[in-house]
Amino acid sequence: MRLGVAMPAALAALAGGTFAWYSHTAALSQRGFEWGLVAALLVMVWRPRSGRWLLIGAWVFIGVQSEWGSRLPAGLSGEDITVEATVLTAQPLGNATRLLLSVDKCHSAVNSPARPSCSALSKVRITAYSDERFKPGEAWQMTLRLRPPSGFANPDTFNYAQWLWREGIHATGYLRQDPAPVRLSPASTSLRQLALNFLAQQTIDERTKRWLAALTLGDSEQLTQDDWSLLNATGTTHLVVISGLHVGLVASFALLLAKLAARLTTPTHWRMRTWPWWLAAVACVGYAALAGMAPPAMRAMVMTLIGLWVLSGRHAPGPWQAWWLALALVLIVDPLALWRPGMWLSFVAVAWLILIWQGRQRPKGVKGWCWALVRSQLLLAPLMAAAVLVAFGRVAPAAPLINLVAVPWVSSVMVPSALLGWLLSPIPGVGEALWWLFEQALDVFHLLLALAVQHWPLWEPDRPLTYPLAFALLLLSLCWGLPAVLPGLRLSATALVLALPWWSLPSSIPPNTLRVSVYDVGQGQLIELRSEHYRLLYDTGPRFRSGFMPLETLWSPGQRFDQVIVSHADNDHAGGIRALLADHRVRQWMAPAGEALPVSSHDCQRGQRWQRDGVNYRILWPPAGDNDFSANDRSCVLEVSVGEQRLLITGDVGTQVERRFLGEVERPVSVLVAGHHGSGTSSGIQFVRHAAPRHVIFSAGRGNAFQHPVDDVVRRFRQQGSCLWNTVHDGALRFWLNAAHPVQVETTRPLPGRRNQC
């Protein structure tokens with residue numbers, strides 16, 4: 001590839017990936033795709049020189065499309081599937097193990113010509129609730145129950161389904177215990193696994209082991225959730241994943257040693273030797289392979305190799321040609337990188353460094369390099385903060401100052417001591433001493449991050465403020481990074497960034513209005529009711545067997561709730577209480593008398609009323625005092641009204657209890673959250689006919705074992721002319737109660753024409 005074609009090659013790869021995404025998400029018709037293929041062939045015939053760009057675009061297009069083609073067919077969702085697979089990673093997870101498997105053979109446990117094939121399946125992520133010990137590299141025969149990649153669809157939250165897709169994971173599920181899994185072959189010997197086994201046998205602190213595994217071997221899955229929370233809150237995640245910092249250090253160290261050897265062997269013309277550069281390139285590739293060649297390591301390897309070429313000066317491209325060439329190569333090798341935020345953050349950072357250093361002399365001496373590091377970090381920090389703010393909706397206020405210290409500390413002390421510890425581990429005592437030094441440096445690093453989080457916690461600004469603040473940060477970077485900018489403009493940009501966080505935005509919820517969000521939490525229930533100055537949660541969602549609570553993904557830590565009503569103590573309604581206690585503040589808890597909850601709460605009793613911001617709240621059930629009702633039938637039943645608009649939430653009460661408070665239900669009912677997720681034990685005929693709700697919402701889990709909502713209940717509501725919504729298909733649902741306007745339900749997964757029909 002000639003250097004003059006780097007930019008067109010990158011643009012062709014970008015176009016191929018974008019077209020593949022559009023053809024899938026927009027459901028491009030077969031005829032439209034065929035016409036596009038014909039047009040491409042005509043261009044190749046008429047303009048042969050343009051054919052190479054079409055080939056690059058087609059390569060990326062096919063790579064992206066093949067990922068969709070490898071997903072588990074919907075017809076096999078929830079079915080038993082027998083696979084022969086190799087364990088890629090095995091991560092302990094409480095009383096379970098999270099496995100990433102490379103599938104070698106796959107077939108349905110039920111042999112039938114009508115069953116779709118799973119032969120295209122190549123990578124799955126499962127949870128094994130088993131006493132078996134799984135090790136990376138082992139081959140197993142297993143029976144799995146899988147489903148296509150999916151996740152909860154909630155606004156402004158991490159898109160788990162898209163993460164699975166861009167990681168090349170084609171199904172998720174769990175290991176079946178019957179029949180028992182069978183080990184087909186032990187783990188094959190690999191240098192990376194030998195290194196991990198060697199590290200596991202060392203008598204050093206467990207935290208040191210997992211950080212060594214992450215920093216030097218790319219095994220970041222060993223880091224705990226607390227480790228990741230600390231890194232995210234301080235904007236230092238990039239220092240842990242195998243990135244250009246680590247690969248670049250290895251290549252630089254190899255180059256330094258090779259040049260020293262060349263100077264000793266050929267003192268007169270050592271500068272003309274090319275083998276030191278080739279040796280540095282080999283070290284770069286070898287280290288990336290040792291780290292597992294994960295996408296960040298592969299990306300860092302490509303960029304470091306091109307960086308070595310540029311620095312060598314031997315027929316090397318210019319900085320921008322190298323940037324475009326690296327982008328093209330990364331997309332050709334890994335087409336899914338187009339959707340990885342880390343790739344764009346890396347390339348944006350490198351592009352900005354090229355801009356701010358173009359035309360400047362290379363630093364000289366220790367003082368010059370120190371100033372260069374400080375200048376680069378100060379100019380890079382606001383741009384990276386803007387990019388992270390747009391990509392993730394959050395910003396770490398301490399990131400610029402922390403990175404000023406953390407980057408040189410990690411690159412000059414932690415990573416070198418860790419890598420030298422590996423290199424000199426065969427020498428008794430030397431490797432241990434270097435890892436002891438690494439442990440002390442890690443303690444300092446950890447203390448620095450903890451202090452930063454304590455004084456400058458992660459900040460998630462209001463959505464209306466996100467883009468203005470990102471624009472202000474971008475303007476600040478441009479004003480201080482580009483030459484010939486007036487000092488007054490630089491000071492104005494700085495003042496704007498400092499002032500925006502204190503800018504008092506008008507409330508996004510007008511007076512006498514209630515915003516209701518029914519979140520997608522799987523087989524469970526979590527509803528947020530928010531008015532101008534009041535915030536209430538009804539239920540907290542489930543807690544899964546693995547310990548995961550969907551509530552953890554909805555908000556950044558430090559949220560404040562005026563009231564939390566727990567309908568009853570069942571796990572699918574009260575499972576998220578521990579997440580609320582750990583990360584948020586709750587002024588008052590309410591629950592039925594007699595419920596065993598990990599919090600002290602006020603009793604939820606029939607007849608209780610209160611008003612906030614013009615919104616009326618009323619408890620319709622259970623009756624005051626002790627009772628002998630079941631846990632479901634003790635559920636708090638809440639009615640909320642604004643003018644003539646009403647919301648009714650009945651928890652899990654059954655049909656017998658529904659008849660006991662039916663006479664108190666005021667009509668019309670604008671929105672009903674269906675009882676017990678649409679179970680046949682709730683939503684009796686009398687209740688449905690009396691309430692006759694305009695909208696009905698089922699909060700249920702995808703493929704749940706109870707088949708919620710059941711057909712009889714759905715049929716009853718349809719006969720009343722209700723508009724039906726389900727978090728399984730529609731994702732999180734949001735609507736407004738306002739006396740002046742009828743209720744309109746908004747979905748996270750909008751279907752064409754759905755809103756008009758309802």
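Because the structure is predicted, anything quoted here is derived from the model rather than measured. Quick note: numbers below take in every heavy atom, side chains included, and nothing from hydrogens, waters or symmetry partners.
Under the 4.5 Å side-chain criterion, counting only non-hydrogen atoms from C-beta, Val124 is not in contact with Leu72. When side chains are defined from C-beta on, Tyr160 does not count as touching Phe152, because their heavy atoms never get closer than 4.5 Å. Counting heavy atoms from C-beta on, the side chains of Leu175 and Leu99 never come closer than 4.5 Å. Counting heavy atoms from C-beta on, the side chains of Thr157 and Leu554 come closer than 4.5 Å. Between Leu144 and Leu101 there is a side-chain heavy-atom pair separated by less than 4.5 Å. Looking only at side-chain heavy atoms (C-beta outward), Leu336 and Trp165 come within less than 4.5 Å of each other. At least one side-chain heavy atom of Trp725 sits under 4.5 Å from a side-chain heavy atom of Thr747. In this structure the side chain of Leu355 reaches within 4.5 angstrom of the side chain of Trp320, judged on heavy atoms.
Contact detail for Gly151 and Ala161: the closest heavy-atom pair is N-CB, 3.6 Å. For the pair Pro335 and Val64, the tightest heavy-atom approach, listed with the atom from each and the gap, is CB-CG2, 3.9 Å. Across all non-hydrogen atoms, the minimal contact from Ala300 to Val247 is CB-CG2, 3.8 Å. Annotation for Ala700 and Val728: closest pair O-CG2, 3.3 Å, computed over non-hydrogen atoms. Closest of all the heavy-atom pairs between Ala187 and Pro136 is CB-O, 3.2 Å. Residues His170 and Pro149 share a closest heavy-atom pair of O-CD, 3.2 Å.
Side-chain atoms of Trp323 come within 3.5 Å of backbone N or O of Phe347 as a donor-acceptor pair. Although no hydrogens or angles enter the test, the distance criterion places a donor-acceptor pair under 3.5 Å between the side chain of Asn154 and the main chain of Asp520. The closest donor-acceptor contact from the side chain of Ser517 to the backbone of Arg734 lies at 3.5 Å or more, if one exists at all. Put simply, the side chain of Ser66 gets close to the backbone of Gly63: a donor and an acceptor are under 3.5 Å apart.
Scored by the ring-ring contact (aromatic ring centres under 6.0 Å, His included) test, Phe134 finds Trp140 as partners (sequence neighbours excluded). In this structure Thr224 satisfies the side chain to side chain donor-acceptor pair (under 3.5 Å) test together with Asp227, sequence neighbours excluded. With sequence neighbours left out, Pro382 forms a side chain to side chain contact (heavy atoms under 4.5 Å, CB included) with Leu473, Leu476, Ser477. Listed by chain and number, the residues in a salt bridge (Lys or Arg N to Asp or Glu O under 4.0 Å) with Glu138 are Arg183 (sequence neighbours excluded). Residues forming a ring-ring contact (aromatic ring centres under 6.0 Å, His included) with Trp228 (at least two apart in sequence, or on another chain): none. Annotation: ring-ring contact (aromatic ring centres under 6.0 Å, His included) contacts of Phe548 (sequence neighbours excluded): Phe544. For Cys118, the disulfide (SG to SG under 2.5 Å) partners are Cys106, not counting sequence neighbours. For Arg145, the salt bridge (Lys or Arg N to Asp or Glu O under 4.0 Å) test picks out Asp80, with sequence neighbours left out. Partners of Glu67 under the salt bridge (Lys or Arg N to Asp or Glu O under 4.0 Å) rule, at least two apart in sequence or in another chain, do not exist in this structure. With sequence neighbours left out, the ring-ring contact (aromatic ring centres under 6.0 Å, His included) criterion links Trp357 to no other residue.
With values rounded to the nearest 0.5 angstrom, Arg71 atom CZ is found 13.0 Å from Leu146 atom CG. Between Met7 atom CE and Leu325 atom CG the span is 13.5 Å, to the nearest 0.5 Å. One finds the CG atom of Leu55 at 14.0 Å from the CZ atom of Phe61 (value rounded to the nearest 0.5 Å). Rounding to the nearest 0.5 Å gives a distance of 4.0 Å between CZ of Arg299 and OG of Ser346. Residue Leu327 holds its CG atom at 8.5 Å from CG of Leu338, rounded to the nearest 0.5 Å. To the nearest 0.5 angstrom, Asn726 atom CG is 8.5 Å from Leu733 atom CG.
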Show your reasoning for whether side chain to side chain contact (heavy atoms under 4.5 Å, CB included) applies to Met301 and Tyr287. CA-CA 9 Å; Met301 179 193 73; Tyr287 181 62; over 6 Å; no
Between Tyr467 and Leu389, does a side chain to side chain contact (heavy atoms under 4.5 Å, CB included) hold up when you go through it step by step? CA-CA 8 Å; Tyr467 287 100; Leu389 191 59; over 6 Å; no
When you look at Tyr519 and Leu526, which way does the side chain to side chain contact (heavy atoms under 4.5 Å, CB included) test go after all the steps? CA-CA 6 Å; Tyr519 287 105; Leu526 195 160; 3.5 Å; yes
Kindly indicate, with the supporting measurements, whether the criterion side chain to side chain contact (heavy atoms under 4.5 Å, CB included) is fulfilled by Leu551 and Val521. CA-CA 8 Å; Leu551 185 144; Val521 293; over 6 Å; no
Donor-acceptor contacts, no H, no angles, side chain residues 83-91, under 3.5 Å, sequence neighbours left out:
| residue | atom | partner | partner atom | Å |
| --- | --- | --- | --- | --- |
| Thr86 | OG1 | Asp104 | OD2 | 3.3 |
| Gln91 | NE2 | Glu221 | O | 3.1 |

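Taking a 6.0 Å sphere around CH2 of Trp59, one finds it holds 12 or fewer heavy atoms contributed by other residues, nucleotides or ligands.
A donor-acceptor contact closer than 3.5 angstrom is absent between the side chains of Thr172 and Arg125.
Residue pairs meeting the salt bridge (charged side-chain N to carboxylate O under 4.0 Å, His left out) criterion with at least one member in residues 329-345, sequence neighbours excluded, are Glu167-Arg340, Asp334-Arg340.
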